[in-house]
Every structure is written in structure tokens, then in C-alpha cells.
Amino acid sequence: MIEVERLTKRYGKTVAVDDLTFRVESGRITGFLGPNGAGKTTTLKAVLALIRPTSGETKVLGRHYRDLDDPVRKVGAVLETSRYHPGRSGRNHLRVVAAQAGIARQRVEEVLELVALKDAARRRVGGYSLGMRQRLGLATALLGDPEVLILDEPANGLDPAGIRWLRDLLRQLAARGHTILISSHVLAEVEQIVDEVVIIHRGRFVTQSSTAALAAQVSAGVRVRSPEAERLRAALAAEGMTVAALDDGVLGVSEGTAERVGELAAANGIVLHELTPQKATLEEAFLELTGGETTT
């Protein structure tokens, strides 16, 4: 479990995080979202005791990070700023980290296998692609088989097959009870991975919700198809709905529900061949909640 309680961080006159509170439960994958400058990285650094809050506190597994016994076996983290010695091989990088943490060498081979990096383990990290460095970072975080994973942009540099691999791996870890917090700006990828999201904006809490519930809060409109599309369009427009022609006989309706569109069609004797409410994407919900500010 990760707890953020009334966290505030100021840098001079700039408020990076403002009275932020949320909780990440065990056995779930939670996306941590917000536009650039929203305070995501500052929050993660506070959780990992890399910065000192101005006020408020953060806890991992019920304790402040700095008070954890053997933190490598409690928390694994991959920050976007992770760096590696370019002259070391991937295997040697992991061996150095393992030796410092008192972890057996056999665990190095296990995590190399887990992140599908065994074939490249002898190569120097300086020659790794971005996606390979992402896998190495995840392997480093997993060395101690920690209960909590904090990942900043974990899908950055991964191809579609790599993203699917990451999704499957994280779901396996969550099924074993791990707590996983992912910060990312690639919302389409996040939507496929996470169980719920925490959204912040300008350093403040906006919402915490499952992806399904969040999408349900945002109306994405209705798709309707009729051989009498023009009559239907006029009837819907007369009710104040915004209607756009999408294709031959197909209309996209906003500011109206599927039920109301069907009722108006029936009242006017208009035949319908299709009537489908459209599901909002995580990106659409995010943009509505943050006033249209993007994460990039």
C-alpha cells in the first residue's frame, strides 16, 4: 500500500504539489496521471524520500520510506531519470546492485529471464536501445522481489509486443498481491494496463476511479444509422443536439443519450438500422477533467 496524506511541496514561490491525498491499494495497478508540470514526479520523489515535503507525509506499507527495514525488498522503483554505467554489461550492472543489497547472484539470472533480457545480458548497457534500458530498469527494481513497484514511464521505448509483455508481467505481479503505481503520459497504453487511475492537475487531486467508472462519467455521444438520416438529423437538431454526418446514413450525436435519440426517432416515425452509445476513452475523460491540457 502507498499512502499520500495532505502532501505539499513548494520550491520558493512555486507550489509543485498542493495538499494532495490519495491511497494505492495492494493487488492493484494504479495509473498516476496529470499534464506536464502537474506534480507527478515530485510526488513520486516524496514517496521515495528523495525530497522532503514542505508539509504532509507519504507512507509505503504503513511506514515512511526512510524507516523501512531492507527497502530493496520492500520497494522497487524505476524513475525516468535512471542512469547506468555505459561500460558495464546488463548482467554486471545487476550483479553490482545485488551485491550491494545482499541479494544472491542467482536472483540476477531470474530477473534477466523475467524481463526477457537474458540474450542481451553480456552486452554493454551503452549499446542498449531505450526499450532494453527500460527492461533493465525493471529488472533492477525487481531484484529484491519487492511488495511495491513505482514505475515512471515504464512503457517508454517499448514496441507493441513489449507493451503487451509489460502488461502481462504487471498483471501477474498484481495477482500475487503487489502494489503497483505507474506514472505515464501515454494514456492509450495506461488504459490497457491499469485497474484504476489517480489524476492530479496543477499539483492538486482531481479524481481517483476505475478506468471503466471514469469513462462512464464522460459522454462520448451516440452513433446512429438510418435510411432517413436527414430527417433524423433535423429532428435531433431541433432538440438542441449537436449532429455530425460520419458516413453514408451514419450520424454522430453529442449532447444526447441513445435512449433519447431512439425516442425521437420513434416519435417521428424514422427507421433506425443502428443505435450505439459510444464509450469514452481514458484520454477523452482525462482531457475533460483537466480542462483540455495534455500530458505531453
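Not measured: the values here are computed from a predicted model. The figures here come from the full heavy-atom set of this structure, side chains too, leaving out hydrogens, waters and symmetry mates.
Under the 4.5 Å side-chain heavy-atom criterion for Ile, Leu, Val, Met, Phe, Trp and Tyr, V197 and M1 are members of distinct hydrophobic clusters. Note: the hydrophobic cluster containing L158 also contains Y84 (ILVMFWY, side chain heavy atoms under 4.5 Å, direct or indirect links). Note on V250 and M241: separate hydrophobic clusters, where clusters join Ile, Leu, Val, Met, Phe, Trp and Tyr whose side-chain heavy atoms are under 4.5 Å apart, directly or indirectly. Placement of V15 and L20 in two distinct hydrophobic clusters is found when ILVMFWY residues are connected by side-chain heavy-atom separations under 4.5 Å, directly or transitively.
Side-chain contact check for H93 and T140: at least one donor-acceptor pair (N or O, by modelled atom type) lies under 3.5 Å. Side chains of S184 and E153: a donor-acceptor N/O pair is present below 3.5 angstrom, by distance only. In this model, a donor atom of one side chain and an acceptor atom of the other lie less than 3.5 Å apart for S26 and T179.
Within 6.0 Å of CZ on R6 lie no more than 12 heavy atoms contributed by other residues, nucleotides or ligands. Within 6.0 Å of CG in D248 there are 12 or fewer heavy atoms belonging to other residues, nucleotides or ligands.
Checked for salt-bridge contact, K45 and D152 miss the test: no charged N lies under 4.0 Å from a carboxylate O. The residues E274 and R225 are annotated as salt-bridged, a charged nitrogen and a carboxylate oxygen being separated by less than 4.0 angstrom. Under the 4.0 Å criterion applied to side-chain N and carboxylate O atoms, R260 and E263 are assigned as salt-bridge partners. Salt bridge status for D168 with R171: absent, with no side-chain N to carboxylate O gap under 4.0 Å. Between E109 and R91 a salt bridge is recorded (basic side-chain N to carboxylate O distance below 4.0 Å).
Judged as a side-chain contact (heavy atoms from CB on, under 4.5 Å), and not counting sequence neighbours, the contacts of S129 are M132. Scanning for salt bridge (charged side-chain N to carboxylate O under 4.0 Å, His left out) contacts around E228 gives R231, with sequence neighbours left out.
Using modelled atom types, no side-chain atom of R73 and backbone atom of E147 make a donor-acceptor pair closer than 3.5 Å. Side chain of D18 to backbone of R204: no donor-acceptor contact under 3.5 angstrom is found.
Identified under the ring-ring contact (aromatic ring centres under 6.0 Å, His included) test for residues 31-73, with sequence neighbours left out: F22-F32.
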